[in-house]
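One structure is given below, encoded as structure tokens.
Below, chains carry the letters A, B, ... as their sequence lines are ordered, and counting in each starts from 1. Computed from a predicted structure; not experimentally measured.
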Amino acid sequence: MLISYSIDNGIYKHNLDDLSFNHLNHTTIKYKEVVGTGKNEITFDKVTIDNAINYAAEDALLTFRLFQNLYPRLIKEKANFVYQNIDLPLVEVLSSIEANGIEVNKKFLTILSNEFENESKKLEKNIYKLSKEEFNIGSPKQLGEILFINLKMPGGKKTKSGTYSTDSSTLNNLAVDGFEIAQLVLDWRELTKLKSTYTDALFRLTDDKSRVHTSFGLANTLTGRLSSTDPNLQNIPIRTENGKKIRTAFVSGKGKKLVSFDYSQIELRLAAEISGDKNFIKAFKNNEDIHASTAKEIFNLNNSQINNDYRRKAKAINFGILYGISPYGLAKQLDISNTEAKDYINEYFIKYPKIKKYMEHQIDFAKTNQYVETIFKRKINIKGISDKNFAVRGFAERQAINAPIQGSAADIIKLAMIEIHKEIKLKNIEAQMLLQVHDELIFEVENIKYDNLVSNVKTIMESIHLKYKDFSVPLTVDFGAGDHWGQAH
DNA sequence: GTGGATGGAT
DNA sequence: GGATCCATCCACA
């Protein structure tokens, strides 16, 4: 468990009784205090059983200081709802998730690790053949010199620090131009990344029951999302074929299943809800394919005219909107001209006028208040909203647009987690919450309790927000089950 | 030890 | 020059 007390980003207190000490070697207690203009940070790292008593003594001091210095501001800044009803009760839930851990198949991890190793060794040999010399492929500096000096390839762009850029888009361009070595390096990068960051690291972090226990950060993010470390279980691969294999290593115990529930398009739904855009709300009420629906609107298509290319473009714009897109960014994303991108965005704002209003309002609000807020009034401070530098200002503006959406989604799934945790206890459902991945919750459940879990969890996730606020847009949850995470998702 | 480059997720 | 994170590696102090 990783808890911060932070005034910048919501305020938190914890009670020692709330914490599980089953996995103290995974426990980091972090105390952050900001008073006036000074910043004072005390970090307790890797608390062990031996010093738990000392830690308890420290905690009394921290709690005292918290109430003396921070609690008055908590009230004054009206952040009390989020504190009392979301983040504080979530502490117990996270503690339980961390203690549960999730089982991994160590044999399979070993097989995967060897497979990745062998494949990357082969690639290495082929890369050296083409480069005519051996070098450290993992060094961007050496790689850049090989490609752009020795082999004289075109398109060498320097990074800030003066080395040649060798990121995936650069290498991809070279690969498309027929430079075989670039594709080999991309493949090599994928395999070595999977091995070092995932298969080997996960193996190393298992306990004596083959389970891994992450630590969740409750106050590490600007928007109110959780974060996950040691290992980070919120970025397990899914996009590539090799990456997907990693998810197969996360398994359920004998006689049990892993069940995954995920919110469908929650951030776009919240954008519709917060902005009040009629067109968007209608599409969600009718349970339409939202990207196809957007394609119809902005390209003026009928049902028979929609194809994957239109849908892909509409999807990129929808996601771009959430992030406060610029025509330049969209152009790059879709590989189209700036003017074409600008046309798309203009058309978008014509069809979804309240979205445009929302964006403008967020920027105004942030300029006036130096913060924005989620549906549940979580405050998110925004720095640089009036900066003279357009890059700094633009960044702040995009934060002002994105943070309430991302943060509201975080609030909602947190509320659901708290309620589900209660419900599982109350109804004696033999199931454990294992993971949260921003819009997804994963459980391990006795086979015979599966139906009970599904009906309860789905209902809570889809309706918990209604306890506090009426919504125009429905929230929907998809679920799946299997013997491993890949199957459940 | 630390910052930069890179890349994994939502 | 699209938001939020975290881990790994290299290179340099």
Could you grab the distance from atom CG of A:N232 to atom CD1 of A:I236, nearest 0.5 Å is fine?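 Result: 7.0 Å between the selected atoms.
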Find the distance [X]:[atom1] to [N]:[atom2] and express it as a whole number of Å.
X	N	atom1	atom2	result
A:N172	B:dG7	CG	P	10 Å
A:R378	C:dT4	CZ	C1'	13 Å
A:L218	C:dC5	CG	C1'	15 Å
A:K193	B:dA5	NZ	P	16 Å
A:H489	B:dA9	NE2	C1'	10 Å
A:I246	C:dC6	CD1	P	20 Å
A:R189	B:dG7	CZ	C1'	9 Å
A:Y198	B:dA9	OH	C1'	7 Å

Report yes if some heavy atom in the side chain of [X] is under 4.5 Å from a heavy atom in the side chain of [Y]; otherwise report no.
X	Y	answer
A:I375	A:D411	no
A:L233	A:I102	yes
A:K315	A:N308	no

OP1 or OP2 of B:dT10 under 4.0 Å from side-chain N/O of A:R225: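 Checking A:R225 against B:dT10: no side-chain N or O falls below 4.0 Å of OP1 or OP2.
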Counting only side-chain nitrogens and oxygens, does A:T221 get under 4.0 Å of the OP1 or OP2 atom of C:dC5? no
For residues 226-247 of chain A, which residue pairs pass the ring-ring contact (aromatic ring centres under 6.0 Å, His included) check, not counting sequence neighbours? none
For DNA chain C, find the residues of [range] with a heavy-atom distance under 4.0 Å and give them by number; none if there aren't any.
range	answer
residues 232-244 of chain A	A:N232
residues 396-405 of chain A	A:R398, A:Q399, A:N402
residues 308-341 of chain A	A:G320, A:Y323, A:S326, A:Y328, A:G329, A:Q333

For the residue pair [X] and [Y], confirm or rule out a side-chain donor-acceptor distance under 3.5 Å.
X	Y	answer
A:T166	A:R189	yes
A:S227	A:Q234	no
A:T476	A:E462	no

Donor-acceptor pair, side chain of A:E288 and main chain of A:I290, under 3.5 angstrom: no
Verify, without hydrogens or angle tests, whether A:N402 (side chain) and A:R398 (backbone) share a donor-acceptor contact under 3.5 angstrom. no
Under the salt bridge (charged side-chain N to carboxylate O under 4.0 Å, His left out) definition, can you give me all pairs with a residue in residues 111-124 of chain A, not counting sequence neighbours?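 Output for this query lists A:E115-A:K245, A:E117-A:K121, A:E117-A:K195, A:E119-A:K122.
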So which pairs with a foot in residues 149-173 of chain A pass salt bridge (charged side-chain N to carboxylate O under 4.0 Å, His left out), sequence neighbours left out?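 Residue pairs with at least one partner in residues 149-173 of chain A: there are none.
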Any salt bridge linking A:R269 with A:E273? Criterion: basic side-chain nitrogen under 4.0 Å from a carboxylate oxygen.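 Answer for the salt bridge query: no.
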Flag the pair A:D87 and A:R378 as a salt bridge only when some basic side-chain nitrogen lies within less than 4.0 angstrom of an acidic carboxylate oxygen.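 Yes, A:D87 and A:R378 are salt-bridged.
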Under the side-chain hydrogen bond (donor to acceptor under 3.5 Å, both in side chains) test, residues paired with A:N287 that sit two or more places apart: none
Within 45° of the axis and under 6.0 Å from the centre of the six-membered ring of A:Y198, does NZ or CZ of A:K193 qualify?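 No - A:K193 does not lie over the ring of A:Y198 by the 6.0 Å and 45° rule.
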Selection from C:dC5, B:dG7, B:dT10 that lies nearest to any side-chain heavy atom of A:L222: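 Of the candidates, C:dC5 comes closest.
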Roughly how far apart, to the nearest Å, are C:dG2 and B:dG3 at atom P?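 Their P atoms lie roughly 25 Å apart.
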Using the side-chain hydrogen bond (donor to acceptor under 3.5 Å, both in side chains) rule, collect all pairs that involve residues 359-373 of chain A, keeping only residues at least two apart or in two chains.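 Output for this query lists A:E373-A:K377.
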Give every residue pair that meets the side-chain hydrogen bond (donor to acceptor under 3.5 Å, both in side chains) criterion with at least one member in residues 316-345 of chain A, sequence neighbours excluded. A:H291-A:N318, A:T294-A:N318, A:K313-A:Y344, A:N318-A:Y348, A:S337-A:T339, A:E340-A:Y344
Per-nt protein contacts along nucleotides 8-13 of chain C (heavy atom under 4.0 Å; B base, S backbone sugar-phosphate only, - none) come out as SSSSS-
Of all of residues 152-165 of chain A, which get a heavy atom below 4.0 angstrom from DNA chain B, listed by number?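 By residue number: A:T159, A:K160, A:S161, A:S165.
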Stem regions touching DNA chain C, defined by at least 3 consecutive Watson-Crick or wobble G-U pairs below 3.5 angstrom: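 Runs of three or more consecutive pairs: B:1-10 with C:3-12.
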List the steps, then state whether side chain to side chain contact (heavy atoms under 4.5 Å, CB included) holds for A:M461 with A:Y263. CA-CA 8 Å; A:M461 288 175 78; A:Y263 280 107; 3.5 Å; yes
